[in-house]
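Reviewing the structure listed below.
Residue numbering restarts at 1 for every chain, and letters A, B, ... go by the order of the sequence lines.
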There are 2 protein chains.
Amino acid sequence: MGRKGESNRQRIVEAADRLFYRRGYNQTSFQDISDETGIPRGNFYYYFKTKDDILDAVVDARIAELESWLKHCESETGDPRERVLMFISIIDEKQADTLQSGCPVGTLNSELAKDTPELQQKATRAFNLFRDWLKQQFMALGLSDVDNLSMDLLARMQGIALLACAFKDRDFIQRSHSELREWVMQKTSS
Amino acid sequence: MGRKGESNRQRIVEAADRLFYRRGYNQTSFQDISDETGIPRGNFYYYFKTKDDILDAVVDARIAELESWLKHCESETGDPRERVLMFISIIDEKQADTLQSGCPVGTLNSELAKDTPELQQKATRAFNLFRDWLKQQFMALGLSDVDNLSMDLLARMQGIALLACAFKDRDFIQRSHSELREWVMQKTSS
DNA sequence: GTCTATATGTAGATAGAC
DNA sequence: GTCTATCTACATATAGAC
């Protein structure tokens with residue numbers, strides 16, 4: 001059973017990814033994942049030894065998605081500034097999800113920082129991937145202080161996502177992303 | 001049986017506040033609170049009907065703490081700009097906790113936004129209190145756009161706290177708070 | 001007001017039939 | 001590979017003795 005070309009393992013990871021995002025890791029049970037996939041609970045242990053192993057696969061999936069976005073930005077234009085602006089446009093398109101559940105990477109980090117530092121380190125991998133990519137773009141523009149610039153941009157994005165979700169304020173996202181674009185323009189024109 | 005002048009109810013709330021902050025709400029059990037206070041699990045139900053009621057009291061406690069900080073800023077100086085800068089200094093002093101567990105209000109919001117919107121609304125009360133206070137300070141300075149300014153400052157603080165906690169980066173907090181002060185100076189001098 | 005014993009549900013994980 | 005039945009641990013919550 002299961003749709004063609006979609007392994008049970010893959011279906012579990014996709015459902016877990018969705019549920020971990022919407023409800024949080026700790027608040028998602030095997031029963032929830034079973035309900036969404038139709039795959040019996042006990043079957044999960046054929047593919048994953050523990051719940052943490054499922055999280056591991058989910059983090060890998062989120063990293064892969066982030067990588068695909070970065071590659072897309074790179075393929076669309078050779079101008080590093082345009083690439084960064086394009087990334088902002090991509091997350092801007094995820095408004096609806098951000099409003100409801102925040103940033104998939106940020107909220108996971110925040111949740112795992114409490115009580116499970118080992119897993120949290122895994123979640124920061126996605127942050128690091130993005131930081132490194134930003135650094136490359138800023139370096140290609142001949143900027144100094146690329147480490148700080150990258151952290152600052154990421155911090156702004158995270159603050160925006162957190163407040164937008166807390167207040168369910170769509171206008172705030174739009175205004176903030178617009179100001180973020182201006183910030184990028186200004187910082188990359190010196 | 002409880003230190004003098006400290007009711008059992010109060011001791012439960014204080015322990016819960018600490019544990020909810022460090023481990024998260026969902027990851028903190030009655031057993032944990034019992035272990036910290038020495039008060040038996042079953043006893044909690046004399047003071048609170050449900051676990052949610054404990055959270056309610058914890059949120060009230062965090063709001064009360066925030067209010068005391070704001071009052072302190074107001075009592076120290078009549079200059080609204082100085083008040084805002086003083087608030088940044090206060091949270092700057094909480095670096096160690098922020099590094100370990102993030103912002104007590106921000107992380108709680110983030111956790112409760114997933115799956116328990118009712119409780120999350122309660123947690124946003126603290127955000128709203130701070131926003132209103134900031135608006136008052138900015139208005140007293142004769143600024144326009146006080147709503148956006150307040151949201152932007154809060155968003156920056158939240159982004160800083162989240163990344164500092166994710167990367168356990170003390171230098172980042174210090175640099176960012178320093179830049180936040182400059183931002184306040186600039187915005188309030190127009 | 002305080003504490004113990006316990007009810008009731010559900011979590012993650014395992015064993016073993018098919 | 002798939003599924004059911006079940007184990008053990010622990011969660012919130014309740015009942016009732018003291």
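- Using a 4.5 Å cut-off between side-chain heavy atoms of Ile, Leu, Val, Met, Phe, Trp and Tyr, B/Y21 forms no hydrophobic cluster with any other residue.
- The shortest distance between the side-chain N/O atoms of A/N8 and the OP1/OP2 oxygens of D/dG1 is not below 4.0 Å.
- In this structure, CG of B/D115 is placed 15 Å from C1' of C/dA11, rounded to the nearest angstrom.
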Determine, for nucleotides 13-18 of chain D in 5'-to-3' order, which nucleotides have protein heavy atoms under 4.0 Å from the base (write B), from only the sugar-phosphate (write S), or from neither (write -). BB----

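- Within the 4.0 Å cut-off from OP1 or OP2 of C/dT10, not a single side-chain nitrogen or oxygen of A/S29 is found.
- The nearest whole Å value for the distance from the CG atom in A/D32 to the C1' atom in C/dG9 is 15 Å.
- Distance CG (A/D35) to P (C/dT10): 12 Å, rounded to an integer number of Å.
- Salt-bridge annotation for A/D97 and A/R22: absent, with no side-chain N of the basic residue lying under 4.0 Å from a carboxylate O of the acidic one.
- By the 4.0 Å N-to-carboxylate-O rule, B/R175 lies close enough to A/D152 to be salt-bridged with it.
- Partners of B/N43 under the side chain to side chain donor-acceptor pair (under 3.5 Å) rule, at least two apart in sequence or in another chain, do not exist in this structure.
- Straight-line distance from the CZ atom of A/F44 to the P atom of D/dG1: 16 Å, rounded to whole Å.
- When distances are taken from the side chain of A/Y47 to each of D/dT2, C/dC3, D/dA11, the shortest belongs to D/dT2.
- When heavy atoms are screened at a 4.0 angstrom cut-off, B/S34 is found touching no nucleic acid atom at all.
- In this structure, the CG atom of B/N26 is 16 Å from the P atom of C/dT10, given to the nearest Å.
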Show me, pair by pair, the donor-acceptor contacts under 3.5 angstrom made by side chains of residues 160-167 of chain B, not counting sequence neighbours?
none

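- Counting only residues at least two apart or in different chains, side chain to side chain donor-acceptor pair (under 3.5 Å) contacts with residues 153-168 of chain A are absent.
- Not one side-chain nitrogen or oxygen of A/Y46 sits closer than 4.0 Å to the OP1 or OP2 atom of D/dT2.
- Rounded to whole angstrom, the span from the CZ atom of A/F48 across to the P atom of D/dG1 amounts to 13 Å.
- If you measure from atom CG of A/L119 to atom P of C/dG12, you get 14 Å, rounded to the nearest angstrom.
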Please output the side-chain donor-acceptor pairs of residues 132-139 of chain A that fall under 3.5 Å, not counting sequence neighbours, one pair per line with the distance.
unit_1 : atom_1 : unit_2 : atom_2 : d
A/W133 : NE1    : A/E74  : OE2    : 2.7
A/K135 : NZ     : A/D147 : OD1    : 3.1
A/Q137 : OE1    : A/R83  : NH1    : 3.3
A/Q137 : NE2    : A/W133 : O      : 3.4

